[in-house]
Amino acid sequence: MRRPGAAARARPEIVPVKSHHSVAGQFGWQVISFVFFFGAWELAGRWPISAAFPPFSQTLLALGEMIADGSLARAYASTLQPLVIGIALCGIAGVGFGIAMGLSRTVEWLTLPIFIILQAAPMAAIIPLITYLYGIGLTAKVLAVVFLAAPVIVMNSYKGIRNTNPSLIQMCRAFLGTRRQEVLKIILPYAAALIFTGLRLGLAMGFIGVVIAELLITPTGIGDLITYNSSVAEYPRMFATIASLVAVAALTLNGLERVERALFPPEIRGT
Amino acid sequence: MTMPDDTIVEVRGVGKLYEGGVEALRGVTLAFPRGRLSTLLGPSGCGKTTLLKIIAGLIRPNAGEIRVNGRRVEGPGPERAFVFQDFALLPWASVLRNVAFGLELRGVPPEQRHEIARRQIAEVGLGGFESSYPNQLSGGMKQRVGLARALAVDADIILMDEPFSSVDEQTRRKFQEDLLDLLEHRRKTVIFVTHSIEEAAYLSDQIVLLSPRPGTVSRIIRPEIERGKGPDEIRRDRRYLDTVDEIWQILKQYVA
Ligand SMILES: Nc1ncnc2c1ncn2[C@@H]1O[C@H](COP(=O)(O)OP(=O)(O)OP(=O)(O)O)[C@@H](O)[C@H]1O
Ligand SMILES: [Mg+2]
């Protein structure tokens, strides 16, 4: 429907020449802040604040070991499984549902209140209930992901549809567009950016969901690495796992945000 | 009440009450002659856009009806094209696709509709901007894209909501001449909303003055300016100047 190439062409004059400087400057500051952060961590670990708090160097070493012996990769593979299944489910059913809510007053009337409540509720609290109902297998973990990710995915799709510029819809009707054309050529392209944002936020929530599930339900994957290493007092390994989790989540979400900006630059987003 | 035979659009007792209680129009009855240019003129908020959209079939009136070629209007039709006050361009589509959009919706194959669109783009003076996006265009250029889109579908009746409001004076005058050409050579009927008394007097065969909200027809003026002369001569013509003055005498009562 829309071509990404077009977006790239639409942009050149928007980026001022000066920004090169500030990007470089920003990068410098980021390096300084990282050095400062890891330095402080190292000092705090050596002081030591607590026996369970390893210095940065040991954590880094432990991370290296876990990468080398493959335990980290195995853990991620098993953690990603319910995450991928859950997000795929939400991506199809959740987006579809949000779109249906945006397009049909009846569906909206029936289900909007549920999703408003779900979005506001602390969904993590529901995970023990899921275990109670669905046991401790893959299903329970997938459900944990779905419960956390679905509300924001559904709501964003819904809002994207609902926020379509009414004047464009009127234009479509004035030029004899059918309802089908209105949806395919106006409403969906208009909502695409918000739907994508919803998926990105949903992934972030799903990530939280799957880790909580692994910590609370069955110790597998990343959750297992954390719990196990903590129970045998291998604190550097535990911290290395947690740090890798933070890094993976931050990098993934940041990457997706960049993809989103490239696909839907503000100047073609409509409003 | 009988209408003359060459009436193309009839407005019969149209009233519009928006949700929330704003009464935009009350008892509007009008006839628009075929192949002529009529303007709707009136203070801001008097319901000009509302009336134009009711004629387009985009808004349902609460009272009365519209007839086009004697047939009651239930919705938009192929014989009517609309130029929107806020342009209504697809931000993610190029100028070419925007101009061809009306044809795209009608299922005209790409090569054919792009050829027509290119011609219209050149005609409104946007040649070379086919692959630009709306955000890269000035207000006046966007307006011309909207105009080209309406011309591309080749409708008999063109409904224009302040189509020249954001172009500069030179372009405005060029468009005015183009519009008169269009009328002469392609027998289009144009219904045109404007805020400019001079523009209305210069272009129109019929000027409909609307009162402040709720809009009612306060006066219909037919300038009957001789078209044979050049634009500058017309602007010095007695009839033209009298028309401008007559409209101003009515509109200035509304300024208070
Ligand atoms: N969708 C709507 N819902 C409620 N009120 C509306 C709506 N559209 C227009 N109105 C109101 O109806 C009145 C007439 O609006 P309209 O847009 O037809 O005026 P207009 O004559 O075109 O004004 P302008 O010259 O400023 O474009 C205004 O008071 C406006 O606030
Ligand atoms: Mg208006």
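Below, chains carry the letters A, B, ... as their sequence lines are ordered, and counting in each starts from 1.
The shortest distance between side-chain heavy atoms of A:Met155 and A:Ile116 falls below 4.5 Å.
Defined by atom type and a distance below 3.5 Å, a donor-acceptor pair is present between the side-chain atoms of B:Ser204 and B:Thr39.
Contact count versus chain A (heavy atoms, under 4.5 Å) is highest, among B:Phe84, B:Phe87, B:Phe82, B:Phe101, for B:Phe84. Comparing B:Pro78, B:Gly57, B:Ala56, B:Ala81 by how many heavy-atom pairs each has under 4.5 Å with chain A, the most go to B:Pro78. Interface summary for chain A: among B:Gly146, B:Gly77, B:Ala155, the most heavy-atom pairs under 4.5 angstrom belong to B:Gly77.
Of the atoms belonging to B:Leu103, not a single heavy atom falls under 4.5 Å from chain A. Of the two parts of A:Ile186, the backbone and the side chain both hold a non-hydrogen atom closer than 4.5 Å to a non-hydrogen atom of chain B.
Aromatic pair A:Phe97/A:Phe115: centroids less than 6.0 angstrom apart.
A 6.0 Å sphere centred on CZ of A:Arg200 holds more than 12 heavy atoms belonging to other residues, nucleotides or ligands.
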### Message
Before you tell me yes or no, could you show the steps for B:Asp161 and B:Thr49 under side chain to side chain donor-acceptor pair (under 3.5 Å), namely the whole-Å CA-CA distance, both residues' side-chain angles and the distance that decides it to 0.1 Å?
### Response
CA-CA 7 Å; B:Asp161 199 352; B:Thr49 299; 2.8 Å; yes
